[in-house]
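One-based numbering along the sequence shown.
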Amino acid sequence: MNHNSSATLTRPRVISTGVLWGLLGVATFSFTVPVTRFAVEAGMSATFVGSARAVVAAVLAATALLLTRQRVPPRRLWPRLAIVAAGVVVGFPLLTSYALVTTEATHGAVVIALLPAATAAFAVLRGKERPGMRFWIAAGLGAIVTVGFAAVQGGGIGSLTGADLLLLGAVVAAGVGYAEGGLLAREIGAWQTISWALVLSAPVMLVLSLVSVQADPFVVGPTAWLAFAYLGVVSMFFGFFAWYRGLAIGPMATVSQVQLTQPVMTVAWSVILLGEALEWATAVGAVAVVACAALAVRSRR
């Protein structure tokens, strides 16, 4: 009997390290849309929420870089860091904040559910990854199921609005930033990538924050500030540690698909933290989305 063949047949398949790190990042991001919506509804201006949270994260990033005595990246990497900054530090937070002024968080999840497919596409274009046909079938099915699930939660997509265009722009910005950041994380490290991107964008975001406060002053309670703190500390900083590490381990096109579980997580937090009812359609949709995500993750070339 061939013992090596027997061992090969009976060896259990395990979830890759990249996927586990990606799931941790997605878990932190799953709060971002509802928390952003809450902060805007509480009275904070969209510009302040979108920009000032990056300033908070930049302070943390600069502190971490100084304490660990990180070397400044070579000049050739700064244009790529600027792409990351433009996508995930400037573009996505601002565009989603503006969109959530006029649309519900659940509707935002409908459009943002397209992000895994966008990230996978940009990973293929930029990282020259070539996942097999099974991956694309699973990813496409997952995107359709996720959008359908989120649409049911939001009451239907309806006609394309200004908020939808902003959200689509946010998806493109984040997809580009995720793909480029995943590649950079392989060269300079996961947390270093988002930290340098935050530091690079800090002057612009600080000016936007100050201008927004002067143009639209506000007074909000401690709960709104707690929500804002989550956006700055977790969504914009620590969450990216895990997310970019997962993308760096890769394959990026595969790890990106764990984002399909994000709308499900968002509904789960709403049930647990806000006491919203969990209907059977939600439960069935959640199972379908998670199943598609698992299929995409396992369908690498």
(request) Determine which pairs satisfy side chain to side chain donor-acceptor pair (under 3.5 Å) with at least one residue from residues 190-210, sequence neighbours left out, and list them in order. (result) S51-S209, Q70-Q192

(request) Determine the minimum heavy-atom distance between V89 and A54, stating which atoms define it. (result) CG1-CB, 3.8 Å

(request) Report the C-alpha distance between M44 and W225 in whole Å, list the side-chain angles of each, state the deciding distance to 0.1 Å, and finish with yes or no for side chain to side chain contact (heavy atoms under 4.5 Å, CB included). (result) CA-CA 9 Å; M44 292 183 174; W225 283 113; 3.6 Å; yes

(message) Looking at every non-hydrogen atom in both residues, tell me the closest pair between G232 and A57 and how far apart they are.
(response) O-CB, 3.3 Å

(request) Flag yes if V40 and V211 sit in one hydrophobic cluster, no otherwise; membership is Ile, Leu, Val, Met, Phe, Trp, Tyr, and two members link when side-chain heavy atoms are under 4.5 Å apart. (result) no

(message) Could you see if L65 belongs to whatever hydrophobic cluster contains F238? Use Ile, Leu, Val, Met, Phe, Trp, Tyr and a side-chain cutoff under 4.5 Å.
(response) yes

(message) Quick check: do L184 and V84 have side-chain heavy atoms less than 4.5 Å from each other?
(response) yes

(request) Can you tell me which residue pairs pass the side chain to side chain donor-acceptor pair (under 3.5 Å) test with a partner in residues 81-101, sequence neighbours excluded? (result) T47-Y98

(request) Could you list all the side chain to side chain donor-acceptor pair (under 3.5 Å) pairs where at least one residue sits in residues 228-246, not counting sequence neighbours? (result) T32-S235

(message) To the nearest 0.5 Å, what is the distance between CZ on R76 and CG on L81?
(response) 10.5 Å

(message) Same cluster or not: V26 versus V19, using hydrophobic residues (I, L, V, M, F, W, Y) connected whenever any side-chain heavy atoms lie under 4.5 Å apart?
(response) yes

(request) Starting at OG1 of T28, measure out to CG of L23 and round the result to the nearest 0.5 Å. (result) 11.0 Å

(request) Mind checking ring pair (Phe, Tyr, Trp, His ring centres under 6.0 Å) for F237 and listing every partner two or more places apart, or none if nothing turns up? (result) F241

(request) Just do the side chain to side chain contact (heavy atoms under 4.5 Å, CB included) check on L60 and L198 with the steps written out, would you? (result) CA-CA 9 Å; L60 296 175; L198 285 164; over 6 Å; no

(message) Rounded at 0.5 Å granularity, tell me how far OH in Y178 sits from CZ in F240.
(response) 4.5 Å

(request) Identify the two heavy atoms, one from A58 and one from V199, that lie closest to each other, and give their separation to 0.1 Å. (result) O-CG2, 4.4 Å

(message) Quick check for you: to the nearest 0.5 Å, what is the distance between L95 atom CG and L165 atom CG?
(response) 10.5 Å

(message) Are V35 and V234 linked, directly or through intermediate hydrophobic residues, by side-chain heavy-atom contacts shorter than 4.5 Å (ILVMFWY only)?
(response) yes

(request) Please identify each residue that fulfils side-chain contact (heavy atoms from CB on, under 4.5 Å) with L226, with sequence neighbours left out. (result) none

(request) For A163 and T102, work out which heavy atoms get closest and say how close. (result) CB-OG1, 3.7 Å

(message) Using the rule given for side chain to side chain contact (heavy atoms under 4.5 Å, CB included), can you reason through V90 versus V204, listing the C-alpha separation, both sets of side-chain angles and the distance that settles it, and then say yes or no?
(response) CA-CA 9 Å; V90 180; V204 173; 5.5 Å; no

(request) To the nearest 0.5 angstrom, please state how far the CZ atom of F29 sits from the CE atom of M236. (result) 9.0 Å

(message) How long is the straight-line distance from CZ of F48 back to CG of L94, given to the nearest 0.5 Å?
(response) 12.5 Å

(message) Using the rule given for side chain to side chain contact (heavy atoms under 4.5 Å, CB included), can you reason through W78 versus V72, listing the C-alpha separation, both sets of side-chain angles and the distance that settles it, and then say yes or no?
(response) CA-CA 10 Å; W78 283 102; V72 177; 3.7 Å; yes

(message) Tell me which pairs pass salt bridge (charged side-chain N to carboxylate O under 4.0 Å, His left out) where either residue lies in residues 21-43, with sequence neighbours left out.
(response) R37-E41, R37-E104

(request) Give a yes or no on whether W21 and M265 share a hydrophobic cluster (residues Ile, Leu, Val, Met, Phe, Trp, Tyr; joining criterion: side-chain heavy atoms under 4.5 Å apart). (result) no

(request) Quick one: closest heavy-atom pair of V171 and L115, and the distance? (result) O-CD1, 3.4 Å

(request) Could you tell me which non-hydrogen atom of V49 sits nearest to which non-hydrogen atom of A39, and how far apart they are? (result) CG2-CB, 4.1 Å

